[in-house]
2 protein chains.
Amino acid sequence: MYSIGALSKATGVKVPTIRYYEEIGLIDHATRNAGNQRRYDQAGLERLGFIKHARDLGFALEEIKDLMALNGELGQDCHAADIIAKAQLEKVRARISRLQQLEAELERITHLCEGGSGGTCKVLGALGDHSLCIGDHD
Amino acid sequence: MYSIGALSKATGVKVPTIRYYEEIGLIDHATRNAGNQRRYDQAGLERLGFIKHARDLGFALEEIKDLMALNGELGQDCHAADIIAKAQLEKVRARISRLQQLEAELERITHLCEGGSGGTCKVLGALGDHSLCIGDHD
DNA sequence: CCTAATTGCTCTAGCCACTAGAGGTTCAAG
DNA sequence: CTTGAACCTCTAGTGGCTAGAGCAATTAGG
């Protein structure tokens, strides 16, 4: 049996976050010992590990809830899990390409600076005027 | 003179967001007409445009406040603006490389699915077990 | 076995950047 | 002058935590 602190160390999920997950119903209410402290078993550890990994992969808590529900069903629904994962992949790709546009724009803007001060700052000018932009960021 | 709705249309910033920006002190309290409605001039339009563009480039509201303060100073501090912009560029690059790791991992995971249901789902398995991962995402 | 340090408990409030809704007032077109 | 759109303020909610107050329980050392 793990205390909440031991669970936290084992999974890398912070203690208040574990309590938060319980509060919102992402994990079951933990059993308590005589002194009202939470105790977790191996299954609890694995579920939290699943959540941590999925969070690291950028899944929202709601999506994780869905994935865990699939996992609990008789005959896991691999197809549904795959659809959620593929949607996540698409989201990640969209974010990457948006960020790459920003990268290009910021690169251009920072190259405008000639290090001086006084007069008209081209960096500030470029930030203020979208029409000077090359790409269609946003 | 623009109404708040006209300003919103002109800049693409939503009406409640403009009021929010005023509330937190990002923009000045607008002058009001006889009926207590906000009226904006050309300068107000430009400032909001600056904010919108900077937000689109991923700057935090606090950073934008700093940038606008620089803009207001006598002899704009180009160097300081450039430092803020370069820091932003670094943040964007870091986020891109992190997302690319996630992309690789999700790609790998979604390729595990053979479309079946029942039995052990490899997608769910991969999500649950970080030790199966190739890279070091997070 | 006692004590002190650590860990645990609940509860409230705060973070960012908005968004939504209620319930009322003012403006602009016909 | 009427009607409907746009405006006003105020409160509360979103996601995913984080911080702090003020206690109770556990655990390691002596």
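In what follows, chains are A, B, ... by sequence order, proteins preceding strands, each numbered from 1. Reckoned from all heavy atoms, side chains included, excluding hydrogens, waters and symmetry mates. Since the structure is predicted, the reported quantities are computational estimates derived from the model, not experimental observations.
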Below 4.0 angstrom, N of the basic side chain to O of the carboxylate: do [X] and [Y] qualify?
| X | Y | result |
| --- | --- | --- |
| A/Glu22 | A/Arg19 | no |
| B/Lys91 | B/Glu63 | yes |
| B/Glu107 | A/Arg93 | yes |

Discussion item. Please list, in numerical order, the residues of residues 32-41 of chain B that have a heavy atom closer than 4.0 Å to any atom of DNA chain D.
Written reply: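 DNA chain D contact set from residues 32-41 of chain B: B/Arg32, B/Asn36, B/Gln37, B/Arg38.
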Fill in: DNA chain D contacts made by residues 4-24 of chain B, counting heavy atoms under 4.0 Å
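Here the set is B/Ile4, B/Gly5, B/Arg19.
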Test your reading of the model: is there a side-chain donor-acceptor pair from [X] to the backbone of [Y], 3.5 Å cut-off?
| X | Y | answer |
| --- | --- | --- |
| B/Thr11 | B/Leu7 | yes |
| A/Gln88 | B/Leu106 | no |
| B/Thr110 | A/Asp82 | no |

Roughly how many Å is it from [atom1] in [X] to [atom2] in [N], rounded to a whole number?
| X | N | atom1 | atom2 | result |
| --- | --- | --- | --- | --- |
| B/Ile27 | C/dC18 | CD1 | C1' | 14 Å |
| B/Ile51 | C/dC16 | CD1 | P | 16 Å |
| B/Lys91 | C/dC16 | NZ | C1' | 13 Å |
| A/Phe59 | D/dC17 | CZ | P | 15 Å |

Worksheet item: Under the side chain to side chain contact (heavy atoms under 4.5 Å, CB included) criterion, do A/Tyr2 and A/Asp41 qualify, and how do the steps go?
Response: CA-CA 6 Å; A/Tyr2 304 89; A/Asp41 58 9; 6.0 Å; no
Discussion item. Looking at D/dT26, I'd like to know if its phosphate oxygens (OP1 or OP2) sit under 4.0 Å from a side-chain N or O belonging to A/Ser3.
Written reply: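 No, because none of the side-chain N or O atoms of A/Ser3 sits under 4.0 Å from OP1 or OP2 of D/dT26.
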Worksheet item: Between the side chains of B/Gln37 and B/Arg39, is a donor N or O closer than 3.5 angstrom to an acceptor N or O?
Response: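 Yes, because at least one side-chain N or O of B/Gln37 sits under 3.5 Å from a partner of the opposite role on B/Arg39.
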